Amino acid sequence: MTEIKQITVVGSGVMGSQIAMVSALAGFDVYLQDINEESLKVAEDSLHGHINKRISKGKISLLEAEKAFARLKFVTSLEKAVAETDFVIEAIVEKLDVKRQLFAEIDRLAPSHAIIATNSSTIVSSKLADATNRPEKICNLHFFNPVLVMELVEVVKGPQTSDETADTAVELVKQINKTPILLKKEISGFVANRILGALIDEAIYLLENDIATVEEIDLACTKALNHPIGPFALLDLTGIDVNYYIRQVLYEETGDENQKPQKVITEKYLNGEYGRKTGKGFYSYNS
Ligand code: 3HC
């Protein structure tokens with residue numbers, strides 16, 4: 001199995017930044033790369049905010065936090081970020097053509113032993129593998145939002161992924177103190193999001209048919225089913241834009257009209273109401 005010392009996370013959004021942080025907290029040398037300097041700055045500030053809370057709650061020492069931040073480098077240069085990497089985790093926008101271009105570029109720049117994983121739950125790794133010359137080293141490694149809190153990570157083998165790559169990815173998930181499950185075959189959405197998707201679809205159906213309000217549907221899930229938050233609060237957390245892109249990809253893949261982003265999702269997406277990250281989604285948030 002490949003020994004992992006250095007991890008590169010590409011894309012410094014909510015997912016990428018926290019994936020980088022959990023990796024640094026677990027003792028790995030980490031590069032967090034983004035082409036957008038402003039996004040890196042936002043990521044750095046947000047991570048300091050989350051870690052400061054953990055320090056003040058006594059969950060982590062100041063020294064541990066300082067050591068983790070010392071191991072975490074924020075860079076715009078992809079070349080620098082992957083030059084000596086052992087494992088790359090891509091967490092950029094859910095667009096196939098953009099991801100394929102990135103995978104080809106990483107393949108060109110990264111050492112030949114490096115594994116390249118995508119955090120995508122809709123774009124399976126076989127759609128990216130042939131953009132590289134190392135298809136056996138490509139897989140999905142799917143984290144959940146908020147990554148600092150959620151324990152599960154799905155490792156997904158594509159038809160081209162070698163056993164060694166899958167084993168290394170499973171081992172890495174354990175080393176960053178998360179719980180892996182290994183999916184032996186690709187299926188878009190994987191396990192958790194397929195189940196969650198069914199829940200969200202039903203919630204939107206009930207809303208669009210005027211059966212109940214956003215708040216009431218969320219209350220049914222929190223107070224009747226004991227979910228930590230309702231489906232609309234969760235859409236705000238994970239990003240209505242992400243949901244829109246995911247459904248768009250599913251629609252393009254299947255041609256099934258039922259997979260298209262629903263009316264309410266499209267409206268919010270077009271209004272720039274993405275949820276917590278824009279201050280407004282199904283609910284409003286103070287910045
Ligand atoms: N980032 C990092 N940490 C966060 C956070 C965030 N955005 N929001 C909350 N936390 C931390 C808090 O600091 C707190 O930490 P502590 O235990 O060390 O004190 C802990 O989470 C609990 O937070 P709160 O007490 O403020 O609030 P809640 O009890 O409501 O928990 C929650 C917040 C953890 C987000 C909880 O509501 C939850 O588990 N919700 C469900 C999340 C979920 O279903 N995620 C999966 C989404 S699907 C997905 O990610 C797939 C992808 O493909 C899009």
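What you see is a predicted model, and the numbers here were worked out from it, not measured in a lab. Whatever order the structure lists them in is the order used to number ligands and atoms, beginning at 1. This chain uses plain numbering: 1 for the first residue, then up along the sequence.
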**Asked** What protein heavy atom is closest to atom 50 (O) of ligand 1, reported as residue, atom name and distance in Å?
**Response** N145 N, 2.8 Å

**Message:** When you measure from the heavy atoms of V242 to every atom of ligand 1, does any distance fall below 4.0 Å?
**Reply:** no

**Message:** Less than 4.5 Å apart, side chain to side chain, heavy atoms only: is that true for L72 and L32?
**Reply:** yes

**Request:** Pick one of side chain, backbone, both or neither for how V14 approaches ligand 1, counting any non-hydrogen atom pair under 4.0 Å.
**Result:** neither

**Asked** So which protein heavy atom does atom 21 (O) of ligand 1 come closest to, and at what separation?
**Response** V149 CG2, 3.3 Å

**Heavy-atom side-chain proximity of L207 to I211 below 4.5 angstrom** = no

**Asked** Considering only the protein, which heavy-atom contact is closest to atom 12 (C) of ligand 1, and what is its distance?
**Response** K57 NZ, 4.5 Å

**Asked** Any protein heavy atom lying closer than 4.0 Å to atom 42 (C) of ligand 1?
**Response** yes

**Request:** Run the numbers on K73 and D29 for salt bridge (Lys or Arg N to Asp or Glu O under 4.0 Å), then give the verdict.
**Result:** CA-CA 8 Å; K73 312 253 176 346; D29 289 325; 5.7 Å; no

**Message:** If we ignore hydrogens and angles and just use 3.5 Å, is the side chain of E208 paired with the main-chain N or O of K263 as donor and acceptor?
**Reply:** yes

**Request:** Take every heavy atom of M150, measure it against each atom of ligand 1, and state whether any distance is under 4.0 Å.
**Result:** yes

**Prompt:** Do E90 and T118 have side-chain N/O donor and acceptor atoms under 3.5 Å apart?
**Reply:** yes

Please tabulate, one pair per line, all N/O donor-acceptor pairs under 3.5 Å involving side-chain atoms of residues 140-151, not counting sequence neighbours.
residue	atom	partner	partner atom	Å
N140	OD1	S125	N	2.8
N140	ND2	S120	O	2.8
N140	ND2	I123	O	3.1
H142	ND1	E154	OE1	2.9
N145	ND2	L237	O	3.4

**Y269 side, atom OH; Y274 side, atom OH - distance, nearest 0.5 Å** = 4.5 Å

**Those atoms of ligand 1 less than 4.0 Å from some heavy atom in L234** = 42 (C), 43 (C), 44 (O), 45 (N), 47 (C)

**Message:** Out of all atoms in ligand 1, which are within 4.0 Å of some heavy atom of S121? Include the element for each.
**Reply:** 53 (O)

**Request:** Given salt bridge (Lys or Arg N to Asp or Glu O under 4.0 Å), test K41 with E38 step by step and report yes or no.
**Result:** CA-CA 5 Å; K41 181 80 192 94; E38 181 55 29; over 6 Å; no

**Fill in**
shortest atom 7 (N) of ligand 1-to-protein heavy-atom contact is with P146 CB, 3.8 Å

**Asked** Does the distance from a Lys or Arg side-chain N to an Asp or Glu carboxylate O, for K260 and E257, drop under 4.0 Å?
**Response** yes

**Asked** Which ligand 1 atoms are under 4.0 Å away from a heavy-atom of H142?
**Response** 51 (C), 52 (C), 53 (O)

**Prompt:** In terms of residue, atom name and distance, what is the protein heavy atom nearest to atom 49 (C) of ligand 1?
**Reply:** F144 CD2, 3.5 Å

**Request:** Any atoms of ligand 1 less than 4.0 Å from a non-hydrogen atom of Q18? List them with their elements.
**Result:** 1 (N), 2 (C)

**Message:** Within this structure, what is the CD-CD1 distance for the pair E79 and I106, rounded to the nearest 0.5 Å?
**Reply:** 13.0 Å

**Asked** Are any non-hydrogen side-chain atoms of I138 and T161 less than 4.5 angstrom apart?
**Response** no

**Asked** Heavy atom under 4.0 Å from ligand 1: found in L196's side chain, backbone, both, or neither?
**Response** side chain

**Message:** Looking at atom 38 (C) of ligand 1, tell me if a protein heavy atom falls under 4.0 Å from it.
**Reply:** yes

**Request:** Answer yes or no for atom 17 (O) of ligand 1: protein heavy atom present at a distance under 4.0 Å?
**Result:** yes

**Prompt:** Do protein heavy atoms approach atom 32 (C) of ligand 1 to less than 4.0 Å?
**Reply:** no

**Prompt:** Which protein heavy atom lies closest to atom 30 (O) of ligand 1, and at what distance to 0.1 Å?
**Reply:** I229 CG2, 4.5 Å

**Prompt:** Are any of the N/O atoms in R54 less than 3.5 Å from those in ligand 1?
**Reply:** no

**Request:** For residues 180-204, pull every pair meeting salt bridge (Lys or Arg N to Asp or Glu O under 4.0 Å), keeping only residues two or more places apart or in separate chains.
**Result:** D201-R247

**Message:** Geometry only, no angles: is N193 polar-contacting ligand 1 at N/O separations under 3.5 Å?
**Reply:** yes

**Request:** Determine whether D241 and K277 make a side-chain contact, defined as any pair of heavy atoms from C-beta on separated by less than 4.5 Å.
**Result:** yes

**Request:** Can you sort out which atoms of ligand 1 are near K59, meaning under 4.0 Å from one of its heavy atoms?
**Result:** 16 (P), 17 (O), 18 (O), 19 (O)

**Message:** Can you check atom 24 (P) of ligand 1: any protein non-hydrogen atom closer than 4.0 Å?
**Reply:** no

**Message:** Any heavy-atom pair between the side chains of I229 and D218 that's under 4.5 Å?
**Reply:** no

**Request:** State if M15 counts as touching ligand 1 under the rule of any non-hydrogen atom under 4.0 Å.
**Result:** no

**Request:** Distance to 0.1 Å, residue and atom name: give those for the protein heavy atom nearest to atom 36 (C) of ligand 1.
**Result:** P228 CB, 4.0 Å

